[in-house]
Amino acid sequence: MSLKVWIDGQLFDKENARISVYDHGLLYGDGVFEGIRVYAGHIFEADAHLRRLFESAKAIRLTIPLPADRILAAVEQTVKANSFTDCYIRLIVTRGVGYLGLNPNKCSNPSVIVITDTIEMYPPEMYRNGMSVITASVVRNHSNSLSPRIKSLNYLNNILAKIEAIDAGVPEAIMLNINGNVAECTGDNIFIVKDGVVRTPGTAEGLLEGVTRGVMLRLCHQLGIPSNETTLQRHDLYRADECFLTGTGAEVVPVTRIDGRPVGNAEPGPITRRLIEAFHKLVRA
Ligand code: PMP
């Protein structure tokens, strides 16, 4: 059976799920999206994802044509149509069909698309043994040009850094902001552990305020692990005891090498392991 994709109120077979070449989502990356997970039949952190979708849309002055409860119903309908109990959801709102110019006001009907599929971001052994990453030379977008807090369809900044990672033979790259401070990875947020404290850059550094990042900070609080949002420089990465990445697709993955340097003793650290365990318990709860 073919996967079903929801487009503007209708379910289509994957092969026939198509949008116009005049959609500004394609022509200009003009639109917003969310990546969401379903665990054991439940949409994980649905409210947080919907809130961020509507805030991203507001920031680019895109009016989502349906209220949040109808969007959620569309997501639920698509998951059900594909009989998924565990899957990844890609929820997209494009500016819609326009003309070959930039003016978004010429696009009258934004399109809402829901794709559900399975996903494996990184090979399973990386979750056990840890991952090597690099710091990218490509600088994360300045917040006053295209704020990384907007989850927009324009991911070229991230893709350029991802290409650096691939060229270096690693799956992810850490992106620094224009001041040289750590921002995030190309598709994940970053945390380090130093002297028993979990630390992650604050949103002012120019990063997507990840839903998983928020969950991890909450878990730290619940487990009594000290944590804070703080400025981190490359030097802090190099002297970290532990490091891990978070994201909806990636979930929580330990980092054991940065720019060739071992993190701690180059094994997933005890706090990272504890948080990974707590995360998996939570998503199945
Ligand atoms: N940063 C970027 C650039 C991302 O694309 C993502 C999502 N893949 C994240 C961070 C993590 O966000 P979330 O935990 O909400 O998936």
Side-chain angles (χ1 to χ4, degrees), residues 29 31-39 43-57 59-60 75 86-93 115-122 127 131 133-136 138-143 145-165 171-177 181-192 198 200-220 227 229 232 243-253 255 275-276 278-280 282-283:
V32 294
F33 76 101
E34 280 297 318
I36 309 171
R37 271 207 192 241
V38 175
Y39 291 107
I43 299 174
F44 185 59
E45 293 284 315
D47 289 351
H49 283 290
L50 285 170
R51 193 177 328 120
R52 189 171 66 186
L53 181 76
F54 276 81
E55 286 176 358
S56 291
I60 68 162
V75 168
D86 289 85
C87 70
Y88 177 84
I89 301 160
R90 179 59 58 92
L91 168 58
I92 305 159
V93 186
I115 308 169
T116 55
D117 211 333
T118 51
I119 189 173
E120 189 189 284
M121 284 283 282
Y122 305 119
Y127 289 86
M131 173 193 283
V133 302
I134 57 158
T135 53
V138 173
V139 169
R140 189 74 178 104
N141 282 336
H142 192 284
S143 296
S145 32
L146 175 59
S147 174
R149 297 179 74 177
I150 301 169
K151 199 163 171 62
S152 87
L153 290 181
N154 194 317
Y155 255 55
L156 269 178
N157 181 223
N158 313 54
I159 288 164
L160 291 176
K162 181 83 173 184
I163 288 169
E164 279 189 59
E172 237 320 356
I174 301 166
M175 302 185 76
L176 310 178
N177 66 22
N181 298 332
V182 176
E184 60 178 337
C185 292
T186 70
D188 316 307
N189 291 114
I190 183 165
F191 289 73
I192 63 161
V198 173
T200 194
T203 50
E205 303 295 350
L207 52 100
L208 186 74
E209 202 171 347
V211 171
T212 323
R213 173 184 178 277
V215 168
M216 290 317 277
L217 289 171
R218 234 162 54 213
L219 281 177
C220 285
S227 65
E229 295 175 65
L232 295 175
C243 179
F244 60 87
L245 312 182
T246 66
T248 296
E251 302 180 296
V252 189
V253 54
V255 171
L275 285 167
I276 289 174
F279 179 79
H280 286 288
L282 174 76
V283 300

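For ligands, and for the atoms within them, numbers begin at 1 and follow the listed sequence.
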Kindly confirm or rule out an N or O of H49 lying under 3.5 angstrom from an N or O of ligand 1. no
Decide whether an N or O pair under 3.5 Å exists between G35 and ligand 1. no
Taking only heavy atoms of K151 into account, list the atoms of ligand 1 that are under 4.0 Å away from them. 4 (C), 5 (O), 6 (C), 7 (C), 8 (N)
For a quick test of reading the model, state the closest non-hydrogen atom pair linking N141 to L146 and the distance between them. CB-O, 3.3 Å
Closest approach of H49 to F44 (non-hydrogen atoms, all atoms of both residues): CD2-O, 3.5 Å
Closest contact, heavy atoms only, Y39 versus V283: CB-O, 3.3 Å
Closest protein heavy atom (residue, atom, distance) for atom 9 (C) of ligand 1: G187 O, 3.5 Å
Salt-bridge criterion met for E184 and R140 (N-O under 4.0 Å): yes
Any luck finding a side-chain donor-acceptor pair between E251 and T212 under 3.5 Å? no
Heavy-atom closest pair (A183 atom, I190 atom, distance to 0.1 Å) is O-CG2, 4.3 Å
Is the closest heavy atom of L207 to ligand 1 under 4.0 Å? no
Using a 4.0 Å cut-off to any heavy atom of E184, which atoms of ligand 1 qualify? 1 (N), 2 (C), 3 (C), 10 (C)
Specify the protein heavy atom at minimum distance from atom 16 (O) of ligand 1: its residue, its atom name, and the distance to 0.1 Å. T248 OG1, 2.6 Å
Polar proximity ligand 1 side, N158 side, N/O cut 3.5 Å exclusive: no
G249 touching ligand 1 at heavy-atom level, < 4.0 angstrom: no
Closest non-hydrogen protein atom to atom 5 (O) of ligand 1, residue and atom name please, with distance? Y155 OH, 2.5 Å
Does E34 have a non-hydrogen atom less than 4.0 Å from ligand 1? no
Of the options R37, R218, R51, which is the one that meets E45 in a salt bridge (charged side-chain N to carboxylate O under 4.0 Å, His left out)? R218
Identify which of L208, V211, T246 has a heavy atom lying nearest to atom 15 (O) of ligand 1. V211
Of all protein heavy atoms, the one nearest atom 11 (C) of ligand 1 is N189 OD1, 3.6 Å
Answer yes or no: does an N/O atom from R52 fall short of 3.5 Å to an N/O atom of ligand 1? yes
The protein heavy atom nearest to atom 14 (O) of ligand 1 is T212 OG1, 2.6 Å
Among I36, T116, I115, find the one that has a side chain to side chain contact (heavy atoms under 4.5 Å, CB included) with L91. I36
Counting from 1 in the order shown, the ligand 1 atoms closer than 4.0 Å to a non-hydrogen atom of G210 are 12 (O), 13 (P), 14 (O), 15 (O)
Atoms of ligand 1, numbered as shown, that sit under 4.0 Å from any heavy atom of G247: 11 (C), 14 (O), 16 (O)
The single option from V198, T200, I276 passing side chain to side chain contact (heavy atoms under 4.5 Å, CB included) against F244: V198
Do the charged groups of R213 and E229 touch, with an N to O distance under 4.0 Å? yes
Is it true that R52 and E209 have a side-chain N and a carboxylate O under 4.0 angstrom from each other? no
